[in-house]
Each structure stands twice: as structure tokens, then as C-alpha cells.
Amino acid sequence: MEKTLKVFLRKIKNKIKSIYQTNKKDEPKHQFEYLYQKFSSYSMVSRSFFLDNLDIVNKYVSSIHLTELPIVVECGVWRGGMIAAMAEMLGNQYTYYLFDSFEGLPEVKEIDGIKAKQWQSNKEGIYYYNNCMAEISFAQNAMLLSNINNYHIIKGWFENTLPRFNEKANIHILRLDADWYDSTMACLVHLFPKVCLNGIIIIDDYYTWDGCSRAVHDYLSINKRTERIQQFNNKICFIIKQEMT
């Protein structure tokens with residue numbers, strides 16, 4: 001009897017597994033799945049967040065009229081996988097700028113919150129990634145894989161490199177992955193004014209670190225800006241730049 005029951009349960013288990021695998025095969029693939037598979041080793045962003053970033057950028061660019069010399073900027077690129085995927089999706093009509101220290105994250109300050117302090121102190125954590133440090137060669141390789149030629153990789157701390165970024169105010173897409181308060185604030189101070197009207201600012205760490213959300217709130221408040229903080233697919237924080245009234 002016991003042997004018969006085991007055989008029966010095995011058949012049921014195999015049937016359930018077969019149904020699951022069949023349904024999984026029938027699921028339509030995400031249109032940008034190939035980009036995630038291509039660049040996932042160059043990004044620490046989870047699959048769902050990675051694809052949502054591409055979705056919101058794709059939705060945004062399909063609704064705007066490009067001005068002369070449109071620019072895409074990412075601050076905090078790590079190995080460059082996210083912006084490389086965006087670049088392959090968008091093509092050579094944009095110029096791409098990649099800002100990163102390539103020396104890891106700066107030291108956490110009190111304003112960044114206790115969770116940030118705990119994260120940086122836990123050097124054995126699975127998401128520590130050597131304090132988010134990556135050699136610049138990774139970003140170079142990622143951009144080569146994207147088959148995009150018009151890109152610039154700028155190495156250094158944001159407070160030193162961003163003030164020297166004198167491009168015209170044609171940033172259409174600004175993606176901030178700056179983690180802490182000072183880094184996020186530096187990005188907003190130096191680059192938000194260069195974002196074109198109706199340009200999009202994607203803020204990767206808004207829901208993760210206190211310092212990032214505080215910097216966003218402070219910048220908008222100090223400059224008396226009325227842009228709404230919006231959310232895409234219950235995950236991605238973004239702002240659409242509006243004209244000051």
C-alpha cells in the first residue's frame with residue numbers, strides 16, 4: 001500500500017510539474033528580455049527592475065519629440081549594464097554620458113540613515129559588491145557590446161566631475177543611481193537645470209535609502225519646484241521636469 005501511494009504521489013507531482021512547465025513556456029517573453037540576458041552580468045539591478053527601467057524609458061521616448069543633440073546621462077553606473085541596455089534600445093540618435101567614481105561609494109553620513117550605515121558596515125553582505133566598486137573596463141566593455149559609438153565615460157567623484165559638465169540643456173533622460181544624500185544632491189544641483197522641459201529623471205534609490213529621498217525632497221523644496229514624484233509599475237521613482245510657474 002505504501003509503495004502504491006508513493007507511485008501515485010509521484011505521478012501527481014510530475015503532472016503538476018508538467019502543467020507548470022507548459023504554462024511557463026506559453027508565457028510571452030518580455031520585449032526587452034534579450035537586453036537583460038545580454039547585460040545582466042554588468043548590472044546589480046534585479047531582472048524586474050531592469051526591465052521596468054527599460055519599459056519606462058521606452059514609453060517616455062515614444063511620447064516626445066527629440067530636440068537637437070539629445071543626451072542620456074547616468075550617474076552611478078557600476079559596470080554599465082543599465083545604460084548600455086538603454087543605449088542599445090535607443091540607438092545612436094542620443095549621446096550617452098556615464099558618470100562614476102569607479103572607486104565604490106563614498107562613506108555614509110548620518111543623514112543617509114541607519115540602514116545605509118548598516119549596509120556599508122556589513123562587508124560580507126551578499127549585496128555589498130565591494131562597496132559597489134567596479135573597474136572602468138567593465139563599463140567600457142558594456143558600451144562596446146551595445147554597438148553604440150557616441151558615449152563618454154567620466155571617472156571621478158560627482159562633486160568634482162559634474163560641475164565641469166557644460167553640455168547644453170538637452171538632457172532628455174537622467175538616471176540617478178547615486179545612493180547617498182550628498183551624491184544625489186550633487187547630481188540634482190548640477191544636472192537638473194540641464195534637463196530639458198518634459199525630460200525624465202529616474203531615481204533608482206528613492207525607495208531604498210533615506211539619504212536619497214531626503215536629497216530629492218530638499219532639492220525640490222529649496223528650488224520651489226512643483227514637479228510630482230511619480231511611480232512606474234509600483235517600483236520605479238521618476239520625475240518629469242516641468243516649466244516653472
Side-chain angles (χ1 to χ4, degrees), residues 17-67 69-100 127 129 134 138-153 170-178 195-208 227-241:
K17 183 178 180 181
S18 176
I19 293 172
Y20 171 77
Q21 289 176 339
T22 300
N23 290 339
K24 190 174 182 181
K25 289 179 182 178
D26 292 339
E27 290 178 0
K29 282 190 175 181
H30 191 282
Q31 63 175 326
F32 298 125
E33 180 70 31
Y34 75 99
L35 289 174
Y36 174 73
Q37 296 301 327
K38 184 173 183 178
F39 294 106
S40 60
S41 63
Y42 291 90
S43 175
M44 65 177 72
V45 180
S46 69
R47 176 183 176 276
S48 62
F49 275 78
F50 193 99
L51 295 176
D52 280 340
N53 270 268
L54 296 181
D55 276 339
I56 189 174
V57 169
N58 185 56
K59 181 179 179 181
Y60 165 74
V61 297
S62 66
S63 65
I64 63 166
H65 174 70
L66 296 181
T67 60
L69 300 175
I71 292 169
V72 176
V73 175
E74 184 175 48
C75 294
V77 306
W78 194 52
R79 293 181 175 180
M82 190 74 255
I83 192 168
M86 290 166 55
E88 183 164 329
M89 179 182 70
L90 296 172
N92 279 303
Q93 59 186 326
Y94 289 87
T95 300
Y96 303 88
Y97 289 87
L98 292 70
F99 287 90
D100 201 292
Y127 299 113
Y129 295 105
F138 284 105
Q140 292 168 338
N141 290 338
M143 294 306 293
L144 286 174
L145 282 175
S146 72
N147 296 313
I148 296 297
N149 299 318
N150 49 331
Y151 67 89
H152 307 273
I153 301 178
N170 278 323
I171 300 177
H172 283 63
I173 301 166
L174 172 60
R175 186 175 185 274
L176 303 183
D177 193 352
V195 175
C196 64
L197 290 180
N198 299 313
I200 186 170
I201 302 99
I202 299 172
I203 308 165
D204 181 82
D205 299 300
Y206 181 83
Y207 297 111
T208 305
E227 284 88 356
R228 272 51 170 178
I229 296 169
Q230 303 183 58
Q231 190 180 72
F232 178 79
N233 203 18
N234 296 319
K235 296 175 188 173
I236 309 298
C237 171
F238 71 99
I239 295 171
I240 300 295
K241 185 174 180 180

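Throughout, residue positions are numbered sequentially from 1 according to the sequence presented.
F238 pairs in a side chain to side chain contact (heavy atoms under 4.5 Å, CB included) with only one of the listed residues (I203, I173, I56), which is I56. Here the rule is side chain to side chain contact (heavy atoms under 4.5 Å, CB included) with Y151, and of T95, V72, L144 only L144 fits it.
Considering CD of E33 and CG of L51, their distance stands at 5.5 Å, rounded to 0.5 Å. In this structure, L54 CG and Y36 OH are separated by 11.5 Å, a value rounded to the nearest 0.5 Å. One finds the CG atom of N150 at 12.0 Å from the OH atom of Y94 (value rounded to the nearest 0.5 Å). Between N234 atom CG and D52 atom CG the span is 9.5 Å, to the nearest 0.5 Å. Atom CD1 of I83 sits about 12.0 Å away from atom OG of S43, to the nearest 0.5 Å. Taking CG of N53 as the start and CZ of R175 as the end, the distance is 4.5 Å to the nearest 0.5 Å.
L176 has its side chain within reach of C75: a pair of non-hydrogen atoms, C-beta onward, lies under 4.5 Å apart. In this structure, Y34 and K29 have side chains that are not in contact, with every pair of non-hydrogen atoms separated by 4.5 Å or more. D177 places none of its side-chain heavy atoms less than 4.5 Å from the side chain of V77. For the pair Y42/N141, a side-chain contact is recorded, criterion being any heavy-atom separation below 4.5 Å from C-beta on. Within the 4.5 Å cutoff, side-chain heavy atoms of I202 are placed close to those of V57.
Between V195 and K241 the shortest heavy-atom distance is O-NZ, 2.8 Å. Heavy-atom minimum distance, M82 versus F50: CE-O, 3.6 Å. Between M86 and Y96, the closest heavy-atom pair is O-OH, 4.4 Å. Contact detail for S146 and A84: the closest heavy-atom pair is CB-O, 3.4 Å. Looking at every heavy atom in both residues, C237 comes nearest to I229 through SG-CG2, 3.6 Å. Minimum interatomic distance between E227 and I240 (heavy atoms only, all atoms of both residues): CG-O, 3.3 Å.
Partners of D100 according to the salt bridge (Lys or Arg N to Asp or Glu O under 4.0 Å) rule, which considers only residues two or more places apart in sequence or in another chain, do not exist here.
Remark: the backbone N or O of H172 is paired with a side-chain donor or acceptor of Y60 at under 3.5 angstrom.
In this pair, Y97 and F99 present their aromatic rings parallel. The plane angle is below 30°, not in the 30 to 60° band.
The neighbour count for K235 NZ, taken as heavy atoms of other residues, nucleotides or ligands under 6.0 Å away, is above 12.
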Side chain to side chain contact (heavy atoms under 4.5 Å, CB included) between N58 and D55, intermediate numbers included = CA-CA 5 Å; N58 185 56; D55 276 339; 5.5 Å; no
